[in-house]
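Letters A, B, ... are given to chains in the order of the sequence lines, protein chains preceding strands, and every chain is numbered from 1. Note that the structure is predicted; figures quoted are calculated from it, not measured.
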Amino acid sequence: MITNQELANLIFPNVTETVEDLEKEFPKRQLPEGAEVTRFAPSPTGFLHTGSLFTSLICRKVATQTRGVFFVRLEDTDTKREIQGSGEELLEQLKIFNIVPDEGYMGNSQKGNYGPYVQSQRADIYRAVIKHLIILGKAYPCFCTPHDLNEIRARQESAKLVPGYYGQFAKCRFLTNEERATRLLAGEPFVIRFKSSGNHIRKIRVHDLVHGTFEIAQNDQDIVIYKSDGLPTYHFAHVVDDHFMKTTTVIRGEEWIASLPIHLELFEALGWKAPLYAHLPVIMKLDENGNRRKLSKRLDSEAAVSYFLQDGYPSEALIMYLMTIANSNFEEWIFLHHFEKMEDFIFSFNKMSLDGALFDIGKLNFFAREILAKKTKEEIYDMAVAYADKYQPKLLEVIKRSPSYFMEIMNIEREKENPRKDYEKFGDLLSSINFFYDDFYQDLLKGPLPFNERFNKQTISRVLIALKEQLPFAVDEQTWFASMKNIGITLGFAPNGKTYKNDPDKYLGSIGDVAEMLRIALTGRKNSPNLYYVMKVLTKERCDKRIEQIISSF
RNA sequence: GGUCCCAUGGUCAAGAGGUUAAGACGAGACCCUCUCAAGGUCUAAUCCCGAGUUCGAUUCUCGGUGGGAUCACCA
């Protein structure tokens, strides 16, 4: 007769640490009343997902608000899917969004007393707990091959039964310890399964911070907790880690609700108190058939946080947008606070909507414009340089030609009550300001200029020559504009659009046409910020040269 | 398919047993105007369906429908 203890020793001969030892090693945290311990637990399988940013944002917020702890744990038990370096990348990207963990995995180091925070370094801990479960008779080795498993599944499907490894189908749970030992000794590959005592006919009540209380079927699957590669599965690692790391609130995506009964049963089997759970709605996207689906990293560029970084969105804009999804009262709050100090907003789980929001890039753009409009020219400069340095060398080169010139450009109609709101991301900055730079301006001249065809070249020349005499370098905006108007009138243009429309035969055009000629001559395009300021920034020398060049090209 | 979650304009959504059913983004119109952006004013647009409870249901209950998530030695 082989006891569970003997079986456990046979499987894990070198594991001497017990669960009690571990409990001593990881005592209760000393934290203020009401402090919550949250965690973000990504797998290093690629770049940061927008949904993960959302989750980690809320984890950070909840911990900060309650003076608790937010830590990061790297879930790298799937060695096949692991992408080298992506753990560090994840951390870096979180930092860009001001989401910095208090402890845990920090990229190249680890911080805190509840580690290690990388699952592949916790093998001894998992083994100790599994050994404990085997001794308790709540876990057993399973020798079923993928082939066996497929067979079971096929039988269940044809009999229209719930698929899986449970009850009578869990063949290996009925093996005697002698049989187990014999096969183990023979070197048969195995996994360890949890011996479920649940029944899916029975329901359990579960509590969720977002969804409230609801009923769900008990788990009855003998899930794998220890893989043949010696690493735990997610379910088991979650329970063990969040227990020993003293997580109070597990905040994760809604896709985990279905496996909640497994986790709860595991906690119970180990005699541990389960944490609070908050299952967040997933961010959705409309597919080509008009159906909603979860943002997919493979199909949707906006699923990867790096997409927004590459485009040069201000990081605050994405966070602000995500906060509107997180809490329905946030938007009103941030309007009231003029898009500032969003860290002062108090997040609450019950202000969270229950169905996943469609990702709305238009709304993100709106926040981005608001945020950039609020920045000073110095801030814009710093942000632009940081962006360009990483993603757009050409932009960096242009900015560095003269930081002060760049700042003047960016400062047009900025320092006022209602600043311009035409920039939303740095990715398209260069194309909107390039005409301020002579080399780009010359490139623009290579194409046809968008002069109104109603006017011939003589007329345009006459207008430009006259205006050139009155460029606004010694006068204020009103004075200059009045003088442009006068020049226009002298040359046969109506003082405003209305006058022209009422009597189109009497005039060559309106003052708008005059301004347009000048604008095209100076900028190569029909739209630009206020001409007065554009000219000021360009300097008299440049304006003169450009006008002369246009006239002589006719 | 089983199980669970969800359901107010195009999107994000507030809302209470009786409301003209907020607000924001977006769209459209007008004003301002040298164009654009901004700003101002205005407009259009929503309670999934069916029963039940009730004097009264978009709100409560049930059923349907629709959408989503999940059913691995992945997390």
Side-chain angles (χ1 to χ4, degrees), chain A residues 41-45 75-78 80-81 119 142 144-146 149 153 157 160-165 189-193 200 203 206 208 210-211 214-217 221 223-229 231-235 237-238 252-261 279 281-282 284 286 290-294 321 324-325 328-332 334-335 351 353-367 369 373 412-413 416-423 432 481 484-485 488 496-497 510-520 523 525-532:
Chain A
S43 343
T45 52
E75 308 223 322
D76 60 342
T77 56
D78 186 359
K80 286 181 218 86
R81 291 201 311 158
Q119 287 182 334
C142 168
C144 289
T145 62
L149 263 18
R153 172 168 300 271
E157 270 168 19
K160 293 216 195 304
L161 291 166
V162 178
Y165 204 82
F190 67 96
V191 299
I192 306 287
R193 285 182 186 273
H200 71 265
K203 303 252 183 183
V206 296
D208 180 281
V210 179
H211 294 266
F214 56 94
E215 289 199 330
I216 190 167
Q221 300 277 335
I223 56 140
V224 172
I225 55 178
Y226 184 81
K227 300 185 283 183
S228 55
D229 64 3
L231 289 169
T233 56
Y234 170 85
H235 304 300
H238 150 54
R252 55 174 18 174
E254 203 180 50
E255 66 270 24
W256 292 107
I257 287 184
S259 40
L260 189 52
H279 289 96
V282 290
M284 317 283 279
L286 225 46
N291 294 325
R292 282 164 178 253
R293 65 167 155 72
K294 197 165 131 183
Y321 171 63
T324 65
I325 297 182
S328 54
N329 53 332
F330 174 75
E331 198 168 325
E332 196 183 345
I334 198 75
F335 274 68
K351 289 279 184 190
S353 97
L354 301 175
D355 59 339
L358 282 183
F359 192 86
D360 186 354
I361 192 111
K363 198 130 188 176
L364 172 63
N365 289 338
F366 164 76
F367 283 116
R369 281 195 299 272
I412 290 174
E413 295 178 279
K416 50 191 259 191
E417 181 69 20
N418 288 312
R420 295 186 66 86
K421 291 176 185 167
D422 39 9
Y423 305 116
S432 53
F481 182 63
M484 179 174 75
K485 215 172 217 178
N496 57 55
S510 79
I511 196 66
D513 296 311
V514 174
E516 186 182 274
M517 291 176 207
L518 183 59
R519 172 170 283 112
I520 293 170
T523 70
R525 54 178 77 174
K526 278 175 121 160
N527 302 331
S528 81
N530 187 315
L531 257 186
Y532 175 80

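If A:K416 and A:Y234 are placed on RNA chain B by their nearest nucleotide, the residue sitting closer to the 5' end is A:K416. Along RNA chain B, the nucleotide nearest A:H235 and the nucleotide nearest A:E254 are compared for position; the residue whose nucleotide lies closer to the 5' end is A:E254.
A:H279 places none of its side-chain heavy atoms less than 4.5 Å from the side chain of A:V210. A 4.5 Å side-chain heavy-atom check between A:Q119 and A:L231 finds every atom pair outside the cut-off.
Ring geometry for A:H238 against A:Y234 counts as parallel: the plane angle stays under 30°, on a 0 to 90° scale with 60° as the upper cut. A:F335 and A:F367 have perpendicular rings, their planes meeting at more than 60° on a 0 to 90° scale where under 30° would count as parallel.
Heavy atoms of A:L354 sit under 4.0 angstrom from primed sugar atoms or phosphate atoms, though from no base atom. Residue A:F214 is in sugar-phosphate contact alone, with no base atom involved, counting any heavy-atom pair closer than 4.0 Å across all strands shown. Nucleic acid contact for A:S43: sugar-phosphate only, since backbone atoms but no base atoms lie under 4.0 Å from a heavy atom of the residue. Counting any heavy atom pair closer than 4.0 Å across all strands shown, A:E516 reaches no nucleic acid atom. A:E215 comes within 4.0 angstrom of the backbone, heavy atoms only, and of no base. A:V191 comes within 4.0 angstrom of a base, heavy atoms only. Here A:A357 lies in heavy-atom contact (under 4.0 Å) with sugar-phosphate atoms only. No contact: A:Y226 has no heavy atom under 4.0 Å from any strand. The residue A:P529 sits close to a base: some heavy atom pair falls under 4.0 Å. Across all strands shown, A:T77 has heavy atoms under 4.0 Å from sugar-phosphate atoms exclusively, and none from any base. Within 4.0 Å (heavy atoms only), A:T45 reaches no atom of the nucleic acid at all. Among the heavy atoms of the strands, none lies under 4.0 Å from A:K160. Among the protein residues, A:E332 comes within range of no part of the nucleic acid, since none of its heavy atoms lies under 4.0 Å from any strand. A:R153 comes within 4.0 angstrom of sugar-phosphate atoms only, judged by non-hydrogen atoms across all strands, and of no base.
Rounded to whole Å, the distance from CH2 on A:W256 to C1' on B:rC4 is 16 Å. One atom, CG of A:L286, and another, P of B:rU11, lie 8 Å apart when rounded to the nearest Å. One atom, CZ of A:F359, and another, P of B:rU11, lie 16 Å apart when rounded to the nearest Å. What separates NZ of A:K351 from P of B:rC12 is a distance of 18 Å, to the nearest Å. Rounding to whole angstrom units, OH of residue A:Y165 and C1' of B:rC71 are separated by 18 Å. The distance from atom CZ of A:R525 to atom P of B:rU35 is 17 Å, rounded to the nearest whole Å. Atom P of nucleotide B:rA69 and atom CG of A:L358 are separated by 12 Å, given to the nearest angstrom. In this structure, A:M484 atom CE and B:rU35 atom C1' are separated by 10 Å, rounded to whole Å.
Nucleotides B:rA45 and B:rG56 have their C1' atoms positioned 27 Å apart, rounded to a whole Å. When the C1' atom is compared between B:rU8 and B:rU3, the two are found 28 Å apart, to the nearest whole Å. Nucleotides B:rC12 and B:rC4 are separated by 26 Å at their P atoms, to the nearest Å. Straight-line distance between the C1' atoms of B:rU33 and B:rU41: roughly 16 Å, to the nearest whole Å. Distance noted for atom P between B:rA69 and B:rG40: 40 Å (whole Å). Comparing the same atom, P, in B:rA7 and in B:rC30 gives a spacing of 40 Å after rounding to whole Å. As rounded to the nearest Å, B:rC73 and B:rG66 have C1' atoms that lie 36 Å from one another.
Nearest nucleotide to the side chain of A:V282, out of B:rU8, B:rG68, B:rC34: B:rG68. Residue A:E331 places its side chain closer to B:rC12 than to any other of B:rA69, B:rC12, B:rA75. In this structure, of B:rC34, B:rA38, B:rA13, it is B:rA13 that holds the atom nearest to the side chain of A:D355. Which of B:rA75, B:rC4, B:rA37 sits closest to the side chain of A:R420 comes down to B:rA37. For A:K421, the listed nucleotide lying nearest its side chain is B:rA38; candidates were B:rA38, B:rA24, B:rA75. Of the candidates B:rA37, B:rU70, B:rG68, B:rG68 carries the atom nearest the A:R292 side chain, counting heavy atoms from C-beta on. For A:S228, the listed nucleotide lying nearest its side chain is B:rC73; candidates were B:rA75, B:rC34, B:rC73. Proximity note for A:L149 (side chain, C-beta onward) versus B:rC73, B:rC4, B:rU35: the nearest is B:rC73. Nearest to the side chain of A:S328, among B:rA14, B:rA37, B:rA24, sits B:rA14. Of the candidates B:rC71, B:rC34, B:rA38, the closest approach to any side-chain atom of A:P163 belongs to B:rC71.
In this model, the phosphate group of B:rU70 is approached by a side-chain N or O of A:K294 to a distance below 4.0 Å at OP1 or OP2. Of the side-chain N and O atoms in A:S528, none sit less than 4.0 angstrom from OP1 or OP2 of B:rU35.
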List the steps and the verdict of side chain to side chain contact (heavy atoms under 4.5 Å, CB included) for A:L531 and A:L518.
CA-CA 9 Å; A:L531 257 186; A:L518 183 59; 4.1 Å; yes
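Taking both residues in full, the closest heavy atoms of A:R292 and A:A357 are given as NH1-C, 4.5 Å, listed atom of the first, atom of the second, then distance. For the pair A:C142 and A:R193, the tightest heavy-atom approach, listed with the atom from each and the gap, is SG-NE, 3.3 Å. Across every non-hydrogen atom of A:R369 and A:K421, the tightest pair is CD-O, 2.9 Å.
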Extract from the structure each pairing of a protein N or O with an N or O of nucleotides 26-28 of chain B at less than 3.5 Å, listing the distance.
from	atom 1	to	atom 2	distance (Å)
B:rG26	OP1	A:R369	NH2	2.9

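Between the side chain of A:N530 and the base of B:rC34 there is at least one donor-acceptor pair of N/O atoms closer than 3.5 Å.
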Which nucleotides of RNA chain B pair, in dot-bracket form (Watson-Crick or G-U under 3.5 Å, | meaning another strand):
(((((((..(((.....[....))).(((((.......)))))....(((((..]....))))))))))))....
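A side-chain donor-acceptor contact under 3.5 Å links A:S528 and A:R519.
For the atom pair A:D360 CG and A:N365 CG, the distance stands at 8.5 Å (nearest 0.5 Å). A:F481 CZ to A:I511 CD1: the interatomic distance, rounded to the nearest 0.5 Å, is 6.0 Å.
Here A:F359 and A:Y321 bring their ring centres to under 6.0 angstrom of each other.
Under the 3.5 Å distance criterion, the side-chain polar atoms of A:T233 are matched with a main-chain donor or acceptor of A:V224. At least one donor-acceptor pair under 3.5 Å links the side chain of A:K227 to the backbone N or O of A:T77.
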